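These numbers were taken from a predicted model, which means no experiment stands behind them. Remember, it's 1-based here, ligands and their atoms both numbered in the order they're listed.
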Amino acid sequence: MDRGLRFISSMFKHDKLNLFLFVTLVGLQVLGIVALWTDFQWRYFPVMFAVYFFGGIGTTLYLHRYLTHRGFEMPAWLKFFCATSSAVVLSGDPVTWVGDHRYHHLKSDTDEDIHSPLHGFPYAHMMWLVRKPPEFRERSLRYAADVRKIWYCRLWERPYFYVLPHLTVAAILFFTFGFTGMLWSLYVPMLIIYNFTWAVNSICHMPRLGYRSFDTSDHSRNNLFIGVAAFGEGFHNNHHAQPRAAAHGHKWWEFDLTAWVLRLLEKCGLAWNVVWPTPAAKSGAGAASAVLLAEPSRQ
Ligand SMILES: [Zn+2]
Ligand SMILES: [Zn+2]
């Protein structure tokens, strides 16, 4: 009973609810769930796979490992392509995403952490997105001033520009496959991407639901299942120990799809200055262990 009440009250940690965003996030997931009661056709599968792969990689490779932690460099056209892929699945505008995530690294599992499960599982998983206190927006901007200098990231701070890549792809799929085909090929992969990405913030910071390879000051854990499903991001204790390292899977069985894509890009000359985990970094020293690329600019 007590646990149930705590679970519910944790959803209402802050007074204000961004009702529009809440309805949007629930609605997008409902579209993915509704699809499961409609007829699946194999011709949807290549598009489903492409949305899952490029949407996921856009989020992990671009928003997280490149833009937030600057773990490598890549050509401008590839940055734009990956950024657009993350926008197609509505992963979050880059300025807010980076600001929130850098702050999470600085305040992990303290009262100031934006999405620690210390505030309850629903809050850590999704509700933090729709219950952010207004001052968080201002703070995000301070920690992502470098991202704001990129023209499309600045443009996408306005929601009506940010939704354009998603609406374009949704319209193309609607006119190609019809409503059911659009649900299967776009909203089912988005449902999966959302929940595995959010699970990195919630489950991978919960005691007992994983293992720790590093004695970090936060509660981060490596979780094999989320690690594999979330393109390597679930090896989260490894990541907290060395945030700039572009590979989160360290052991041979910690399969990190994002790191393998990055290795391929590096071989093709499409990624360079990659901060790989090194023996020095693994002991907690070296460039890979730095949290931010620089002190946040004051505006
Ligand atoms: Zn974390
Ligand atoms: Zn990170």
Notebook entry, point to check: If you measure only the distance, is there a donor-acceptor pair under 3.5 Å linking the side chains of His205 and His104?
Noted result: yes
Next item on the list: Find, among atoms of His236 that are N, O or S, the one nearest to the Zn ion (ligand 1), and state its name.
Entry: NE2
Checklist line | With Arg65 via salt bridge (Lys or Arg N to Asp or Glu O under 4.0 Å) - residues at least two apart | finding: Glu233, Asp256
Margin query: Run the side chain to side chain contact (heavy atoms under 4.5 Å, CB included) test against Asp93 and tell me which residues pass, sequence neighbours left out.
Written below: Val95, Thr96, Arg137, Glu157, Tyr162
Notebook entry, point to check: Which N, O or S atoms belonging to the protein are less than 2.8 Å from the Zn ion (ligand 2)?
Noted result: His64 NE2, His69 NE2, His101 NE2, His105 NE2, His239 NE2
Check: Side chains of Ser140 and Asp100: donor-acceptor distance under 3.5 Å anywhere?
Finding: yes
Next item on the list: Can you establish whether the number of heavy atoms outside Trp260 located under 6.0 Å from its atom CH2 is more than 12?
Entry: no
Margin query: Just to verify, what does Val23 make a side chain to side chain contact (heavy atoms under 4.5 Å, CB included) with, not counting sequence neighbours?
Written below: Leu19
